[in-house]
Asker: 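Got a structure for you, written out below as structure tokens; questions coming shortly.
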Amino acid sequence: MAVHTVATPATPSQDAPAVDLGPAVALSCRECGERFPLGPVFACVSCFGPLEVAYDLPTGDPEALRAAIEAGPDNIWRYAPLLPVPADVATKPSLNPGFTQLVKADHLAAELGVTGGLYVKDDSGNPTHSFKDRVVAIAVEAARAFGFTTLSCSSTGNLAGAVGAAAARAGFRSCVFIPHDLEQGKVVMAAVYGGDLVGIEGNYDDVNRFCSELIGDPLGEGWGFVNVNLRPYYGEGSKSLAYEIAEQLGWRLPDQIVIPVASGSQLTKIDKGFKELIALGLVEDRPYKIFGAQAEGCSPVSTAYKAGHDVVRPQKPDTIAKSLAIGNPADGPYVLDIARRTGGAVEDVDDAQVVDAIKLLARTEGIFAETAGGVTVGVTRKLIEAGLIDPSLTTVVLNTGDGLKTLDAVAPTTGPTATIRPDLDAFRAAGLATS
């Protein structure tokens, strides 16, 4: 089938799904509000604004919906009635990501001076050890619905592995594209699933531009690019983080949440998920603050926020946090809007602070985060010190991936406490014996 990128407007009779994607009924432009039929498209034909999924969500008794969710599987498919997936999605071959731990981080809270309750949403527990498994799982269902045969993406690493694994499980061919200089752990993980892995000479923005060209070429016929022509569906997977956090907190929203910003999609979709929970009556309608976290070496959104700008100027990435190294983030302006609307902020930390925060989280809570997790913990500490995060309120910090993927970040300053001969006298001499 042809790979489309720009949508054709829907008439009233068309404003219903031609494919079965559950409660999803249309695509809606985030800028002008025009609606389009469900399809593999991501841009509005009228204003070229980004498209997102519009729903006919369940109405009725919130208690009954809560009970139905809680009776569902221990993965994101418990929220199938709120996602663009068919009702029988749990019966299809999938990595079944989600429902990862929400860790009550009391030791980290003590270090940071948080008294109101600090939690780490640890998405390193997903099948390929990052939150990308969530978004890819939704994109796979859209790819099935639209008849694609190849799954693809532009990736800073985690997404490449998630697409490779999901394609292998679901029976798709995969061909993914990455910058040529990614961390070796992520390269190996993306390649091991047997799909094609292509390194592009350049940074992520160069990779993304190449993929956009491929979509418009006959070579891309039958290809579903999860974060391009399937992006409206892909992005919805991040809503499951909002749902899980609320459910794991006893069906309530956190007062404050700190989210890493690469493209910005995850932050915008968590906000969308919170608003849906409120609209459905599943949680109390109460204020919450959303904070974005970036690495100083790639901080176009935090730079714009601190300058009071509405336009996000692209930057050339130069940071160890390569999973966040997107210099021209598609959802950057929407991140600014959400941070300002909710009373949050967007902040950044330098590479040394990232490494220090990775070690802090590991030392206090036994969670080894990748560099993006170091960014969120480091930014959380910085925001507390600046008085922007209230330590007396419930705060959730996201760790979106496993530190084993970014060993190079901590390897130079992490190693054996001592190397000794295999005898007790050497152990005593090293000063490691306890009294």
Asker: Applying salt bridge (charged side-chain N to carboxylate O under 4.0 Å, His left out), run through Arg252 and Glu284 and close with a yes or a no.
Answerer: CA-CA 7 Å; Arg252 63 185 178 92; Glu284 179 187 353; over 6 Å; no

Asker: So which pairs with a foot in residues 76-96 pass ring pair (Phe, Tyr, Trp, His ring centres under 6.0 Å), sequence neighbours left out?
Answerer: Tyr79-Tyr243

Asker: Among residues at least two apart in sequence or on other chains, which ones pass ring-ring contact (aromatic ring centres under 6.0 Å, His included) with Tyr305?
Answerer: none

Asker: With side chain to side chain contact (heavy atoms under 4.5 Å, CB included) as the test, pick out the partner of Val226 among Cys153, Ser152, Ser174, Ser155.
Answerer: Cys153

Asker: Can you list the residues that meet the ring-ring contact (aromatic ring centres under 6.0 Å, His included) rule with Phe177, with sequence neighbours excluded?
Answerer: Phe210

Asker: Suppose we screen for salt bridge (charged side-chain N to carboxylate O under 4.0 Å, His left out). Which residues come up paired with Asp106, at least two apart in sequence or across chains?
Answerer: Lys104

Asker: Assess whether a salt bridge exists between Asp123 and Lys132, defined as any Lys/Arg side-chain N lying under 4.0 Å from an Asp/Glu carboxylate O.
Answerer: no

Asker: Is the backbone of Tyr334 close enough, under 3.5 Å, to the side chain of Thr268 for a donor and an acceptor to pair up by distance?
Answerer: no

Asker: For Asp122 and Thr100, test the side chains for any donor-to-acceptor distance below 3.5 angstrom and give the result as yes or no.
Answerer: no

Asker: Could you check whether Glu236 pairs with Lys272 (Lys NZ or Arg NE/NH1/NH2 to Asp/Glu carboxylate O, under 4.0 Å)?
Answerer: yes

Asker: Applying side chain to side chain donor-acceptor pair (under 3.5 Å), can you list everything that pairs with Tyr119, at least two apart in sequence or on another chain?
Answerer: none

Asker: Please identify each residue that fulfils salt bridge (charged side-chain N to carboxylate O under 4.0 Å, His left out) with Asp205, with sequence neighbours left out.
Answerer: none

Asker: Between Asp351 (side chain) and Ile320 (backbone), is there a donor-acceptor pair under 3.5 Å?
Answerer: yes

Asker: Can you sort out the partners of Asp61 under salt bridge (charged side-chain N to carboxylate O under 4.0 Å, His left out), two or more places apart, ordered by chain and number?
Answerer: none

Asker: Got a donor-acceptor contact below 3.5 angstrom from the Ser299 side chain to the Glu296 backbone?
Answerer: yes

Asker: Could you list the residues that satisfy side chain to side chain donor-acceptor pair (under 3.5 Å) with Lys359, not counting sequence neighbours?
Answerer: Thr413

Asker: Do NZ/NE/NH1/NH2 and the carboxylate oxygens of Asp350 and Lys382 come within less than 4.0 Å?
Answerer: no

Asker: Is the closest basic N to carboxylate O distance between Lys322 and Glu183 below 4.0 Å?
Answerer: no

Asker: Salt bridge check: are Arg363 and Asp356 linked by an N-O gap of less than 4.0 Å?
Answerer: no

Asker: One thing to verify: whether Asp390 and Lys289 come together as a salt bridge, which I'm taking to mean a side-chain N less than 4.0 angstrom from a carboxylate O.
Answerer: no

Asker: Check whether Gln315 reaches the backbone of Asn328 with its side chain - one donor and one acceptor, N or O, closer than 3.5 Å.
Answerer: no

Asker: Partners of Phe427 by ring-ring contact (aromatic ring centres under 6.0 Å, His included), sequence neighbours excluded?
Answerer: none

Asker: With sequence neighbours left out, write down each residue that passes side chain to side chain donor-acceptor pair (under 3.5 Å) with Asn158, or none if nothing qualifies.
Answerer: Glu370, Lys405

Asker: Taking 4.0 angstrom as the limit, do Glu247 and Arg78 come out as a salt bridge?
Answerer: yes

Asker: Arg169: what forms a side chain to side chain donor-acceptor pair (under 3.5 Å) with it, not counting sequence neighbours?
Answerer: none

Asker: Answer yes or no: is there an ion pair linking Arg231 with Glu52, defined by an N-O contact shorter than 4.0 Å?
Answerer: no

Asker: With sequence neighbours excluded, tell me which residues meet ring-ring contact (aromatic ring centres under 6.0 Å, His included) with Phe274.
Answerer: Tyr288

Asker: Could you tell me whether a side-chain N or O of Gln294 sits under 3.5 Å from a main-chain N or O of Val301, the two making a donor and an acceptor?
Answerer: yes

